[in-house]
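A short write-up of the structure that comes next.
Every chain is numbered from 1, with letters handed out A, B, ... down the list of sequences. Below, all heavy atoms of this structure are taken into account, side chains as well, without hydrogens, waters or symmetry copies. Just so you know, these numbers come straight off a predicted model, no measurement behind them.
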Amino acid sequence: MINCEGELIVTEDTIQMAEAEVAGAWKRAFESDPSEKEKYYITVAYPYPSGAMHVGHGRTYIVPDVIARFWRMRGKQVLYPMAFHVTGSPVIGISKRIARGDEKTITLYRDLYKVPEDVLARFSDPLAIVEHFSDEYERVMRRLGLSIDWRRRFTTIIPQYSKFIEWQYSHLYAQERVVRGAHPVKYCPQCENPVGDHDLLEGDRAEVVKFIFVNFQADGFLIPCATLRPETIFGVTNLWINPDVRYVKAEIDGVVWLVSREAAEKLSMQKHTVSIIDEINGADLVGSMVSHPLSGKVQILPAPFVDPDMGSGVVMSVPAHAPYDYIALRDLQQKGEYTDIVPIPLISVDGYGAVPAQEAVERAGIHDQLDPKMDEVTQEVYGAEFTRGKLLPLCGEHEGKPVRVARDDLGDVMERDYGSIRFFDFDTQPVICRCGSRAYVRILDDQWFLTYSDPIWKQQVHDQISSLSLVPPEVRAEFDRTVDWLKDWACTRRVGLGTRVPWDSNWLFEPLSDSTVYMAYYTIAHRISDIPPESLTPDVFDYIFLGKGDPKGVDRQLLDSLRSEFLYWYPYNYRFSAKDLISNHLTFQLFHHRAIFPDDLQPEGMVVFGMGLLNGAKMSSSKGNVFLLEDAADEFGADTVRMFLVGSAEPWQDFDWRNELVSSTRKQIERLTSYVQDGVLSAGETGVDSWLASRLQRRIVQTTTALELFQTRQALQEAYFGIESDLKWYRRRLPAGSDGGAVMRQVADAWVRLLAPIIPFTCEKLWGDLGHEGLVSYAEWPLPDAALLNPAVEQAEDLIMRTVEDIESIIRIIPMTPSKVTLCLAPSWKYDVFNVVATAEDRRVVTKELMKDESMRSLGKEAVNAVNQVTKLIHSLPPQLVTEIVSNPPDELAIFTQALSFLEEEFKVAFEIVPAEESTHAKAGMALPFKPAIIIE
RNA sequence: GCGAGAGUAGCCGAGUCGGUCAAAGGCGCUGGAUUUAGGGUCCAGUCGUGUAGACGUUCGCAGGUUCGAAUCCUGCCUCUCGCACCA
């Protein structure tokens, strides 16, 4: 927009128009094919397009773009591809909710994500959702200037990709890394599906605990007691039953058991046949005798605290080692009942006497079962016994075993010899599915697992991690921990979108398992779409990715060309993702690469991002705490969004988006623009030009180094604020009336290129304004020119800068209007002192050393003072400057004489420059090297 | 609870093989300048004290090591991420 005086006015509209023009020039500019150049291949975790992009997503894709643009300018052949992960079930849930008119979901999509009504109407089809948002993602990513090769875009449910996944898993299956196994899962009988923690209304932190049933023989039936401590069977004194609960007799796997109704229900979910044949009140069983071969006969005692919803609803009592049992028994005995029962110790543990439970309870001063300290005491006793306890002689052949060993051994014995079964339950209740129904533990025995627990596979991944380039390096420990911690991973699901398991079509590969080696697929994605999917048999992929076999179905020349493209790009250089994926995706993909690809095609590096905040709070679509990326681009412009996201924190740090801080970023871009446009016309030469040119070389080096290390924020600091502050000083130092020399044009040329990776739209435009042909996106990255480095000039300016600051700070304090300033320059002997101190091994003894010198000694106290002052000064100067001063001492007189008119203009006062020894003023003695004494009158 | 990481001025953040540190840079704020239409540009200040470039007190809290610690050690507190069949 142009105002009435013909000046350009920057508004949202003009920015958008300018950006659209540049985006047009880029439309196909980043399509990348193998070339003579060295390749640089980066990938980012692809998005799941179930909603609109927000500014948090923005950073995830902008930071890699900055890196891609940087290396492209450095002359590499850069590939930055993108695809969409649509595997899984979330969109199915979304589409169902929309179809049934769920208000919350519809509001989210219509009002927050701004989906048009006619599109929303189609969202009852899950595919419509991912298609809509995939297109929106591409549009917004282009809008933000991401230099992506869009020819390679795909989704994870296209037939070709499914064929690729089938190939991947045919290898894993052949290697026996995919095996069938039984696994307890959280399960909702209402939804008839396993439920993940995110599917739960309540109890999402509940863990599945594996109990063992210890079966006591009663009169005609068995009573199982669930326990985590089967070794304590030797110390059982009684059973606890809740007299107020109705139990059931049920035939379970052909044997009659007595359990709570809840337990019967749970058992039926855990691969047991259950048929209820009778009901009995708990009270009716109180007093009856039961027996177990390892404990002998014991009595059933009443205990109202027994929860029918825990375990079997009947508990075995070991009062010597379980504080709850001890207290319960004591309470009964204090009423005069069952006084013949005495605790039976079976474990000895250091730090406790014969009956640990009793001791711990008494030590803690606990009076009854309701004492809140009970859990703590229980934990204490269990912990002590588990880590240090040993079994006593009454345990027969198990005597002397550590508890941790005996526990497993007895569990096995129980299962093998005494008809015990494993029983799974949650450690906390309740666990409620989102549908409102209660969730249970269910055993799925036809589930497919990836064998991440395989120690050999783990070791291979550990080895890979140790040779990976990781940014930041601190995440290495977390990767190693994750590898250690991983167990077998259930890699299939019954419902959702995705690829069917080729050898078991009842199952689909779940999303984290079909997204581990797709970085290889990108390399051929745009060309494989020409091959009919039915021709894409595993041997075709073997040929492309592994160089093996002799596939007949596809033209060999095409396959050879695909293979050579794959080999050109692979292995990838860096993979980018947020840190929350370390514990699954990022580690999984290492496992899979290791299993599928040869040594020379393994991942080389990863960059792990921090998380994003919006106005200090976590970004969350469901809570409405998001700012859409497209809205941000509309309001501030794409470059502003990019610069803000890059500048607020380094990639691995968490960042916070605050709208009120973003607008100042735009002013900075405007300042750059106006500077560069001024710079176009600059000509001639001034005295400070060589200084500016020298500084520019340093900024180039610093910016380059920062980007090589993925320090995008640091790069911005150097490339933008660093150069800007140099320019401020330069302009201040220009002779009156000068607008600057031709060096400004050099700076503009370099500046635009240094910032091009971060604010490419603006720089593309400015590059043209500077008269260059072609895209700045492919311009040559600035190289520092050593010939333009001028340490002497930089040192001289440094001296002037420091002196100006000193003068300013004095003037600020003293309440007088200066009429004259005298600078007294340090005598040469003080430079000698400076040299000695600066180069001394031990600065504490330099005084002694110096005083050995005749001429120094003759200066007496003055010399001693000078040593102290100089030492302090040296400590306050950058070490590099100190070295510089020593090796190349400045000619202070010449420097200040040359700067005389500048100083007088700055302070509007007359200056005099004199050697300190020629001044009689008391302050003249303060003169130090690089720090003249200042006398203001 | 377990594992990984982090705590620096109003905010974001440099700095962490001990002395370059009252602590870069940015933002915000304050004051000033400006033929400044506008959220513009420029200059200065922004822990406290101070009539000379200084001094005092600071880097989550409490101790310790050292001539000297934001930086090293110990304990504690707080925050972030992950803890699985889910993107």
Side-chain angles (χ1 to χ4, degrees), chain A residues 3-5 9-11 45 47-48 50 85 87-91 183 185-186 194-199 205 207 379 444 447 449-450 452 472 474-482 484-493 496 510-513 515 578-585 608 610-611 613 616 618 647-650 652-656 658 660-668 670-671 674 713-714 716-718 720-722 724-725 728 731-732 802-803 805-816 843-844 874-882 923 926 931 933-936:
Chain A
N3 72 0
C4 50
E5 287 154 54
I9 306 297
V10 180
T11 67
Y48 184 80
S50 63
H85 194 205
T87 314
S89 50
V91 284
H183 192 63
V185 295
K186 291 177 186 170
V195 282
D197 282 345
H198 56 281
D199 297 323
R205 300 212 46 189
E207 282 186 56
Q379 208 50 51
L444 295 180
Q447 171 65 271
F449 289 88
L450 281 161
Y452 293 141
E474 298 87 61
V475 298
R476 180 163 272 117
E478 211 179 334
F479 274 104
D480 277 322
R481 284 289 182 173
T482 298
D484 290 338
W485 161 86
L486 273 174
K487 297 192 254 224
D488 287 351
W489 181 266
C491 62
T492 54
R493 288 215 71 174
E510 63 82 36
L512 284 170
S513 301
S515 56
K579 66 180 172 192
D580 53 346
L581 294 190
I582 293 177
S583 68
N584 48 55
H585 166 74
V608 177
M611 311 302 287
L613 300 175
K618 211 177 285 186
S648 68
E650 294 292 4
W652 46 90
Q653 294 168 329
D654 295 349
F655 77 98
D656 191 7
R658 290 176 188 269
E660 70 270 23
L661 301 184
V662 180
S663 50
S664 62
T665 302
R666 195 161 97 187
K667 291 179 211 158
Q668 289 154 359
E670 286 166 14
R671 264 183 273 154
S674 76
R713 173 195 157 92
Q714 181 62 27
L716 182 62
Q717 291 277 335
E718 286 293 335
Y720 184 82
F721 299 106
E724 189 185 43
S725 88
K728 277 184 187 170
R731 286 173 156 169
R732 195 170 167 186
R802 285 167 184 275
T803 306
E805 279 167 24
D806 275 356
I807 298 169
E808 280 172 343
S809 70
I810 296 167
I811 290 177
R812 207 175 303 131
I813 295 163
I814 58 172
M816 60 183 276
R843 283 172 191 166
R844 279 172 286 175
I874 285 174
H875 277 310
S876 76
L877 295 173
Q880 231 189 334
L881 179 58
V882 173
K923 292 205 175 292
M926 283 182 70
K931 196 173 176 64
I934 296 160
I935 302 163
I936 296 174

Can you tell me, in whole Å, how much space there is between the [atom1] of [N] and that of [M]?
| N | M | atom1 | value |
| --- | --- | --- | --- |
| A6(B) | C59(B) | C1' | 14 Å |
| G32(B) | G25(B) | C1' | 23 Å |
| U34(B) | G19(B) | C1' | 45 Å |
| C81(B) | C76(B) | C1' | 22 Å |
| C17(B) | C83(B) | C1' | 34 Å |
| G1(B) | G10(B) | P | 31 Å |
| C27(B) | A14(B) | C1' | 15 Å |
| A69(B) | A52(B) | P | 29 Å |

Just checking [X]: base, sugar-phosphate only, or nothing, at a heavy-atom cut-off of under 4.0 Å?
| X | value |
| --- | --- |
| S513(A) | nothing |
| A933(A) | base |
| L661(A) | sugar-phosphate |
| R812(A) | sugar-phosphate |
| I935(A) | base |
| K618(A) | sugar-phosphate |
| N584(A) | base |
| L581(A) | base |
| E207(A) | nothing |
| L486(A) | base |
| V608(A) | nothing |
| T87(A) | sugar-phosphate |

Inset, instruction - Verify whether one side chain among T87(A) and E510(A) offers a donor that lies under 3.5 Å from an acceptor in the other. - result: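 The criterion, which ignores hydrogens and geometry beyond distance, is not satisfied for E510(A) and T87(A).
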Legend entry - Of H85(A) and E478(A), the one whose closest RNA chain B nucleotide lies more 5': E478(A)
Between [atom2] of [N] and [atom1] of [X], the distance in whole Å:
| X | N | atom1 | atom2 | result |
| --- | --- | --- | --- | --- |
| L881(A) | U20(B) | CG | P | 15 Å |
| L444(A) | A84(B) | CG | P | 17 Å |
| R666(A) | G39(B) | CZ | C1' | 9 Å |
| I810(A) | G45(B) | CD1 | C1' | 17 Å |
| E474(A) | A6(B) | CD | C1' | 10 Å |
| W489(A) | A84(B) | CH2 | C1' | 4 Å |
| I813(A) | G48(B) | CD1 | C1' | 14 Å |

Does [X] have a side-chain nitrogen or oxygen under 4.0 Å from the phosphate oxygens OP1 or OP2 of [N]?
| X | N | value |
| --- | --- | --- |
| K728(A) | C43(B) | yes |
| K487(A) | A84(B) | no |
| R732(A) | A44(B) | yes |

Legend entry - Base-pairing assignment for A6(B) (Watson-Crick or G-U wobble, both under 3.5 Å): U78(B)
Inset, instruction - Identify the nucleotide, in any strand shown, that forms a Watson-Crick or G-U wobble pair with G40(B), with both distances under 3.5 Å; if there is none, say none. - result: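 Pair assignment: G40(B) / U34(B).
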